[in-house]
Amino acid sequence: MKLFMDTANVDHVAEVAAWGVLDGVTTNPSLVAKEGGADFKETVLKMCELVPCVSAQVTAADFEGMKKQGEEYSGWHKHVVVKVPMTVEGLKALRYFRSKKIPTNTTLIFSVNQAVLAAKAGANIISPFIGRLDDIGEVGMDLIRDIMEAWSHYDFDTEVLVASTRNTDHIKEAAQAGAHISTIPYKVFMELPKHPLTDKGLQKFLEDWEKVKK
Ligand code: E4P
């Protein structure tokens, strides 16, 4: 499973990229707004130097606008993936970008039917949002399991990216479901390497080594 970070913070990307496990970054307008006044293009370009796949979301609602923005973004760097919302206009844009070999990620997927439509339109990546389904009392991870089951019947080359993850169990279950990618907030990323028995075990090894070392 590829691991992406869900952020618009370049320092956080640089920190985890140094671990050697980071495959990409997803941004969205809300994450960009959270970082204050940082220039979007500059942020995306810095991230493209750190990881091979950076999703940059179009903000236009119509096909022509998405096409214009997406072409501009993809011209910035070869690592840019154009993020398109799951709307009818978005489907038209996905088809257009596929014909131009511009990679895309479809955002705001909440059903298997939306996932199938986006894949058929030519999305390279689809992003089902599981945390937001949990928020309204559903089991978001069920959507990932259902999409992976549907994918097992066909030859879609569209990767399933588990988005809106909120905790380490989401990442574990995404891997168990066979999802292709998980995008992970920085705070959750920091939890992934930890286990109390690792810390305890290491402390004991080091204490014992102190006793025997010459
Ligand atoms: C994915 O690409 C989105 O940026 C993200 O995962 C949304 O997560 P949220 O529901 O925590 O805002």
Side-chain angles (χ1 to χ4, degrees), residues 1-10 12-13 16-17 22-36 38 40 43-44 46-48 50-61 66 69-70 73-74 79-87 90-91 93-94 97 102-111 114-115 117-119 121 123-144 147-148 158-175 177 179-192:
M1 182 167 73
K2 292 184 213 166
L3 303 180
F4 285 12
M5 192 183 293
D6 201 23
T7 187
N9 184 305
V10 179
H12 289 171
V13 174
V16 176
L22 192 62
D23 302 295
V25 172
T26 49
T27 63
N28 66 40
S30 308
L31 291 169
V32 173
K34 210 169 118 190
E35 294 307 318
F40 182 53
T43 299
V44 169
K46 282 183 187 161
M47 288 174 169
C48 284
L50 296 165
V51 290
C53 184
V54 178
S55 287
Q57 186 167 334
V58 297
T59 50
M66 290 181 192
Q69 260 185 329
Y73 293 171
S74 78
H79 293 172
V80 169
V81 173
V82 178
K83 205 184 205 186
V84 174
M86 176 52 231
T87 59
L91 291 174
L94 291 172
F97 291 134
I102 292 173
T104 54
N105 173 2
T106 313
T107 190
L108 294 167
I109 298 269
F110 291 96
S111 74
Q114 289 179 325
L117 282 175
N124 298 87
I125 297 172
I126 53 160
S127 292
F129 276 39
I130 61 164
R132 293 191 194 186
L133 285 170
D134 289 353
D135 291 345
I136 59 161
E138 296 188 22
V139 179
M141 194 55 71
D142 282 349
L143 174 60
I144 302 302
I147 292 173
M148 295 316 295
T158 308
E159 293 186 295
V160 178
L161 180 155
V162 182
S164 185
T165 59
R166 302 274 162 80
N167 55 56
T168 54
D169 277 349
H170 280 156
I171 315 310
K172 178 188 79 172
E173 289 182 47
H180 304 96
I181 308 166
S182 277
T183 193
I184 307 168
Y186 174 78
K187 202 162 74 74
V188 177
F189 233 118
M190 290 299 119
E191 293 300 314
L192 292 180

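In this chain, residues are counted from 1 in sequence order. We count ligands from 1, going down the list as the structure has it; atoms in each ligand are counted the same way. Keep in mind that what you see is a predicted model, and the values were worked out from it rather than measured.
Among Thr26, Asn105, Asp6, the single residue meeting the side chain to side chain donor-acceptor pair (under 3.5 Å) criterion with Ser127 is Asn105.
Inclusion of Arg132 in the set of residues having an N or O under 3.5 Å from an N or O of ligand 1 is warranted. Between Thr165 and ligand 1, no N or O atom pair is found at a separation short of 3.5 Å. Ligand 1 has no nitrogen or oxygen under 3.5 angstrom from a nitrogen or oxygen of Ser127. Inclusion of Asp6 in the set of residues having an N or O under 3.5 Å from an N or O of ligand 1 is warranted. Taking distance alone, with nitrogen or oxygen atoms compared against 3.5 Å, Ser164 approaches ligand 1 more closely than that limit.
Not a single heavy atom of Gln57 sits under 4.0 Å from any atom of ligand 1.
Nearest protein neighbour of atom 11 (O) of ligand 1, counting heavy atoms only, is Arg166 NH2, 3.2 Å. For atom 4 (O) of ligand 1, the closest non-hydrogen atom on the protein side is Asn28 ND2, 2.6 Å. Here the protein heavy atom with the shortest distance to atom 7 (C) of ligand 1 is Phe129 CE2, 3.5 Å. Considering only non-hydrogen protein atoms, atom 2 (O) of ligand 1 sits nearest to Lys83 NZ, 2.7 Å.
Between Thr59 and Gln69, the side chains place a donor N or O and an acceptor N or O closer than 3.5 Å (distance only, hydrogens not considered). The closest side-chain donor-acceptor pair between Glu35 and Asn9 falls under 3.5 angstrom.
Each of the atoms 1 (C), 6 (O) of ligand 1 lies under 4.0 Å from some heavy atom of Ala163.
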Self-check item: Criterion ring pair (Phe, Tyr, Trp, His ring centres under 6.0 Å) on Tyr73 and Phe97, from CA distance to verdict
Solution: CA-CA 12 Å; Tyr73 293 171; Phe97 291 134; 9.5 Å; no
Self-check item: Derivation and outcome, side chain to side chain contact (heavy atoms under 4.5 Å, CB included), residues Arg166 and Asp135
Solution: CA-CA 10 Å; Arg166 302 274 162 80; Asp135 291 345; 3.0 Å; yes
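Of the inter-residue distances, the one linking Asn28 atom CG with Thr107 atom OG1 reads 7.0 Å to the nearest 0.5 angstrom. Note that OG1 of Thr7 and NZ of Lys34 are 6.5 Å apart. Values are rounded to the nearest 0.5 Å.
Under the 30°/60° scheme for interplanar angles, the aromatic rings of Tyr186 and His12 are found to lie parallel.
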